[in-house]
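Heads up, the thing below is written out as structure tokens.
On a predicted model such as this, the values are computed, not experimentally measured, just so you know. Numbers restart at 1 for each chain; the letters A, B, ... are given by sequence-line order, proteins then strands.
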Amino acid sequence: MSVTILFLGPLRDLAGETERQVEAPLDWNGLLKAVGPEVAEQLDQERVNLACKGKVLADKRSLYAEDGDEVALLPPVSGG
Amino acid sequence: MSVTILFLGPLRDLAGETERQVEAPLDWNGLLKAVGPEVAEQLDQERVNLACKGKVLADKRSLYAEDGDEVALLPPVSGG
Amino acid sequence: MPKTVTKWRCCPRSAVARLSISTPLDVRLLDKGLSVGEALAAFNAAHEQAGGVVSFLGKVRPDGGVKALELTHYEPLTQPGMESLAQDALARFELDGALVWHRVGVMTPGEAIVLVAAASRHRRNAFEAADFLMDHLKSAAWFWKREKRADGWHWIEPRDADHADLARWK
Amino acid sequence: MPKTVTKWRCCPRSAVARLSISTPLDVRLLDKGLSVGEALAAFNAAHEQAGGVVSFLGKVRPDGGVKALELTHYEPLTQPGMESLAQDALARFELDGALVWHRVGVMTPGEAIVLVAAASRHRRNAFEAADFLMDHLKSAAWFWKREKRADGWHWIEPRDADHADLARWK
């Protein structure tokens with residue numbers, strides 16, 4: 001009975017792991033607590049997006065992930 | 001002791017031949033006479049250029065071709 | 001993964017090219033090297049009726065002592081994002097077809113990262129479509145890059161120039 | 001024929017491509033068909049350091065019952081004109097290299113007429129160089145076209161659009 005949080009790109013280094021399982025259901029405040037203060041600070045910035053069930057959320061603060069859902073933390077894509 | 005006049009692109013059809021040998025030297029008035037009235041009328045238009053010895057003339061009316069020279073009549077290039 | 005609306009059909013293999021190209025769109029994420037000559041030969045053969053074909057090939061540059069480049073992505077977004085982008089280009093520039101191939105994983109300098117091609121009746125449309133595809137690919141496809149230099153791996157930050165490139169099409 | 005100032009050197013033949021490409025510029029008038037995949041593979045191999053390569057391929061379109069296309073040119077102007085244009089593009093867009101190949105003679109629908117490629121450190125430069133080369137090729141190279149239709153051969157007139165294309169670069 002869990003939600004998978006995926007840390008992508010540079011957030012993977014900041015989180016120190018690729019993914020983490022947390023208890024379902026998971027909302028925005030639950031996510032902030034689950035990822036720790038450093039990642040939470042990044043996540044709070046506009047340039048970091050959130051996907052749930054393979055869809056980018058228009059309003060990431062409306063997150064509501066249920067059992068079996070995958071929540072992906074998407075930092076801005078790289079230039080170059 | 002001659003100058004070669006080359007008819008290129010559509011001017012070839014109008015002249016009815018690919019090239020013609022005429023006596024050297026050849027200037028602008030000589031050229032107009034040598035090519036016949038139909039081609040001369042085309043040649044007089046700004047959009048038709050003249051090359052002598054492989055160089056497009058900035059002022060075609062300054063033509064002066066000597067023995068062995070090639071004078072090319074260049075209609076505008078095709079679109080498409 | 002959402003289905004796109006285009007009808008896909010498979011082309012007969014060309015005599016020159018051993019590759020099969022889907023028409024009108026061929027969108028791929030590749031985890032190993034791509035043969036650019038073969039891909040373009042097959043794309044050209046698949047769009048014989050098109051008057052003009054423009055291609056762009058992006059390669060890993062051997063700049064500043066870069067030893068390797070790693071591209072990570074989020075597959076549930078990347079493939080649909082690339083397909084939807086190719087669809088947009090197809091409609092917007094009245095293309096006969098488009099090819100959008102992107103490498104993921106670890107690459108070394110000189111290796112191909114991205115190949116796009118656009119086939120169209122008109123030259124200008126093919127140029128603009130290839131340009132449009134490249135400008136939008138990064139934002140459509142969620143790629144994160146890091147470079148391996150002498151002192152280890154470094155993430156590549158977003159660039160302001162990318163936003164300027166995107167603004168050209170607004 | 002005037003010599004250009006660039007130093008030409010010959011590249012080692014690539015394992016993939018059987019063609020030898022001159023660098024930085026490879027300018028050719030061809031009186032028979034060209035293998036696009038091979039040409040681009042060889043060009044890419046010759047410019048391994050370039051971050052981006054843009055190519056344009058123009059083909060004879062099977063429009064309005066065209067059975068064949070004939071391209072005539074004036075060789076003393078065409079080859080130097082194409083070389084000088086390629087030089088201009090090389091300097092103007094800071095290219096690593098360029099390829100400019102043009103068919104002459106009689107071609108049938110689907111056959112390649114022209115292939116240009118530009119290799120550069122920066123994507124935008126490679127795109128602009130290929131575009132620039134195509135816009136200027138006709139005026140630099142003195143080509144006259146005629147089409148064979150059911151009722152015989154027809155010369156193709158100059159187009160106003162060509163002048164507009166050239167004006168973009170002034």
Side-chain angles (χ1 to χ4, degrees), chain C residues 14 16-19 33-45 47-63 66 96 108-124 126-128 130-135 137-138 161-162 164-165 168, chain D residues 14-19 33-45 47-63 66 96 108-124 126-128 130-135 137 161-162 164-165 168:
Chain C
S14 135
V16 212
R18 279 163 292 167
L19 274 161
L34 54 99
S35 169
V36 175
E38 273 186 55
L40 292 177
F43 183 76
N44 291 334
H47 298 285
E48 247 202 330
Q49 307 286 311
V53 176
V54 170
S55 75
F56 175 81
L57 167 68
K59 290 185 282 188
V60 182
R61 285 200 308 244
D63 289 358
V66 172
D96 290 9
T108 51
E111 271 195 90
I113 309 176
V114 57
L115 179 67
V116 307
S120 174
R121 187 181 155 83
H122 300 289
R123 168 157 64 93
R124 183 71 53 226
F127 266 107
E128 289 189 355
D131 203 3
F132 173 90
L133 285 167
M134 284 306 304
D135 275 350
L137 204 45
K138 273 173 288 187
D162 296 331
D165 286 346
R168 295 166 63 222
Chain D
S14 133
V16 212
R18 280 163 291 167
L19 274 161
L34 53 99
S35 169
V36 175
E38 273 187 54
L40 292 177
F43 183 76
N44 290 335
H47 298 284
E48 248 203 328
Q49 306 287 309
V53 176
V54 170
S55 74
F56 175 81
L57 167 68
K59 290 185 281 189
V60 182
R61 285 200 307 244
D63 289 357
V66 172
D96 290 8
T108 52
E111 272 195 89
I113 309 176
V114 58
L115 179 68
V116 307
S120 174
R121 187 180 154 83
H122 299 290
R123 169 157 64 94
R124 183 72 53 229
F127 267 108
E128 289 190 355
D131 203 4
F132 173 90
L133 285 167
M134 285 307 303
D135 275 352
L137 204 45
D162 295 332
D165 285 346
R168 295 166 63 221

Inset, instruction - Can you tell which part of C:A130 gets under 4.5 Å to a heavy atom of chain D, answering side chain, backbone, both or neither? - result: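 Both the backbone and the side chain of C:A130 come within 4.5 Å of chain D.
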Legend entry - Side chain, backbone, both or neither of C:V54 within contact of chain D (heavy atoms, under 4.5 Å): both
Inset, instruction - Mind ranking C:A119, C:G52, C:G110, C:G51 by heavy-atom pairs under 4.5 Å with chain D and telling me who comes out on top? - result: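 Ranked by contacts with chain D, first place is C:G51.
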Inset, instruction - For the pair C:K59 (side chain) and D:V53 (backbone), establish whether a donor and an acceptor sit closer than 3.5 Å, ignoring hydrogens and angles. - result: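 Here the side-chain-to-backbone pair does not exist.
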Legend entry - Within-4.5 Å side-chain heavy-atom neighbours: C:R61 and C:I113: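 The answer is no; the side chains never approach within 4.5 Å.
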Inset, instruction - Report the residues that fulfil salt bridge (charged side-chain N to carboxylate O under 4.0 Å, His left out) with D:E48, sequence neighbours left out, ordered by chain and then residue number. - result: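 By the salt bridge (charged side-chain N to carboxylate O under 4.0 Å, His left out) rule, D:E48 matches no residue at all.
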Inset, instruction - With sequence neighbours left out, write down each residue that passes side-chain hydrogen bond (donor to acceptor under 3.5 Å, both in side chains) with C:S55, or none if nothing qualifies. - result: D:S55
Legend entry - Structural part of D:R121 lying under 4.5 Å from a heavy atom of chain C: both
